[in-house]
2 protein chains.
Amino acid sequence: MGITKTAFFTSNQNQLANLAKALANPARIAIIEYLLKVDSCICGDIVTELPLAQPTISQHLKELKNAGIIQGNIEGNSICYCLNTDTLQILQSFFSKIITKVNKNKCC
Amino acid sequence: MGITKTAFFTSNQNQLANLAKALANPARIAIIEYLLKVDSCICGDIVTELPLAQPTISQHLKELKNAGIIQGNIEGNSICYCLNTDTLQILQSFFSKIITKVNKNKCC
DNA sequence: TTAATATATTGCAATATTACGATATATTAT
DNA sequence: ATAATATATCGTAATATTGCAATATATTAA
């Protein structure tokens, strides 16, 4: 087969898996860290910052946007993308919940 | 090409991407949530809990273990896997850092 | 209007992931 | 020792992802 059996899981599980998938590439992590570093919208210099070709970066930005992790669009001749706090909050909540709920007395 | 250009990114970026990859599947999210729910080691009943065949679940467990998200082994005739707090802490820290550092005055 | 610049889309080759049947391995029960 | 049970591994088909060259599109500059 090879296709993920999405229909058999909850929408919450699929949402978390999709968000994780959007982050499952070092270039996309680098884009997020760059957005944090510059503390504003991305400008075209992301293309010179990353060791990847322009179409590849454009594709990664599209995936991050589809997942809701970044938001924005091109403005004139330059990119204007920034982090979407609402979506990132979902991930933070998930991991915070795990850390606080997990049984510290691991048995293995 | 098709292969991720791992060598061009920092080990931290690759680590986060690999952790995200381990979570990028609803079955693996379901396994993690099940581990949280039962609040102990997994027993063989995970195979009856998930809508997937036994070899598939075994493979997902292996991937979670390789990523360091769960730890353990089989014990006699049953599984004994539990969540690895140390690794999950890496993810929580990453998202907490983002949420606290991100500029709330988004420009797009 | 034309040229220059910036980003997006298309098409494709290489590789990775997903799922499972068949089978192997290992432990426990008889 | 043999059977029963539980988990892992192998092999494979279907699908998804990665990266880029070529090209399209859109905005700004001249």
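Naming: A, B, ... by sequence-line order, numbering from 1 per chain. FYI, side chains are in, hydrogens and waters are out, and symmetry mates aren't considered; it's all heavy atoms of this structure.
With hydrogens and angles left out, the side chain of Gln54(A) and the base of dA6(C) share no donor-acceptor pair within 3.5 Å.
Each of Tyr81(B) and Pro26(A) was assigned the nucleotide of DNA chain D with the nearest heavy atom; the assignment lying further toward the 5' end belongs to Tyr81(B). Heavy-atom nearest nucleotides on DNA chain C were determined for Asp45(A) and for Thr6(A), and the one closer to the 5' end corresponds to Asp45(A). Nearest-nucleotide positions on DNA chain C place Pro55(A) closer to the 5' end than the other of Pro55(A) and Phe9(A).
Distance, Glu49(A) CD to dA6(C) P: 15 Å, rounded to whole Å. Remark: C1' of dG19(D) and CZ of Arg28(A) are 12 Å apart, rounded to the nearest angstrom. Distance, Ile29(B) CD1 to dT17(C) C1': 16 Å, rounded to whole Å. Rounded to whole Å, atom C1' of dA16(C) lies 13 Å from atom CG of Asn18(B). Across the protein-nucleic acid pair, Leu23(A) atom CG and dT18(D) atom P stand 11 Å apart, rounded to whole Å. Rounded to whole Å, atom P of dA8(C) lies 12 Å from atom CG of Asn66(A). The distance from atom CD1 of Ile46(B) to atom P of dA8(D) is 12 Å, rounded to the nearest whole Å. The separation between Lys62(A) atom NZ and dT17(D) atom C1' is 14 Å, rounded to whole Å.
Residues meeting the salt bridge (Lys or Arg N to Asp or Glu O under 4.0 Å) test with Glu63(B), sequence neighbours left out: Arg28(B).
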Under 3.5 Å, which protein N or O atoms sit close to an N or O of nucleotides 25-27 of chain D? Give each pair with its distance.
unit_1	atom_1	unit_2	atom_2	d
dT27(D)	O2	Asn77(A)	OD1	3.2
dT27(D)	O2	Asn77(A)	ND2	3.2

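When distances run from any side-chain atom of Ala53(B) to the nucleotides dC20(C), dT18(C), dT9(D), the shortest one goes to dC20(C). When distances are taken from the side chain of Leu61(B) to each of dA8(D), dT9(C), dC20(C), the shortest belongs to dA8(D). Nearest to the side chain of Thr56(B), among dC20(C), dT18(C), dC20(D), sits dC20(C). Of the candidate nucleotides dT9(D), dG19(D), dA8(C), dG19(D) has the atom lying nearest to any side-chain atom of Gln59(A).
A donor-acceptor pair under 3.5 Å is formed between the side chain of Asn14(A) and the backbone N or O of Thr6(A). Of the possible donor and acceptor atoms, none in the side chain of Ser58(B) sits under 3.5 Å from a partner among the backbone N and O of Gln54(B). Using modelled atom types, one side-chain atom of Lys65(B) and one backbone atom of Gly72(B) make a donor-acceptor pair closer than 3.5 Å.
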Point to revise | Check against side-chain hydrogen bond (donor to acceptor under 3.5 Å, both in side chains), Gln92(B) and Gln92(A) | key: CA-CA 6 Å; Gln92(B) 195 216 10; Gln92(A) 196 216 8; over 6 Å; no
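Phosphate contact (OP1/OP2 of dT17(D), side-chain N/O of His60(A), threshold under 4.0 Å): absent. Distances shown here put every side-chain N or O of Asn25(B) at or beyond 4.0 Å from the OP1 or OP2 atom of dT17(C).
Phe8(B) comes within 4.0 angstrom of no nucleic acid atom, judged by non-hydrogen atoms across all strands. Ser78(B) comes within contact range of the sugar-phosphate backbone alone, with a heavy-atom separation under 4.0 Å but no base atom that close. Across all strands, Ala27(B) comes closer than 4.0 Å to no nucleic acid atom at all (heavy-atom distances). Ile57(A) comes within contact range of no nucleotide atom at all, as no heavy-atom separation falls under 4.0 Å.
Across all non-hydrogen atoms, the minimal contact from Gly68(A) to Thr87(A) is O-OG1, 2.7 Å.
Going from atom CG of Leu36(B) over to atom CD1 of Ile99(A) covers 9.5 Å, rounded to the nearest 0.5 Å.
Using a 4.5 Å cut-off on side-chain heavy atoms (C-beta onward), Ser93(A) and Gln89(A) make contact.
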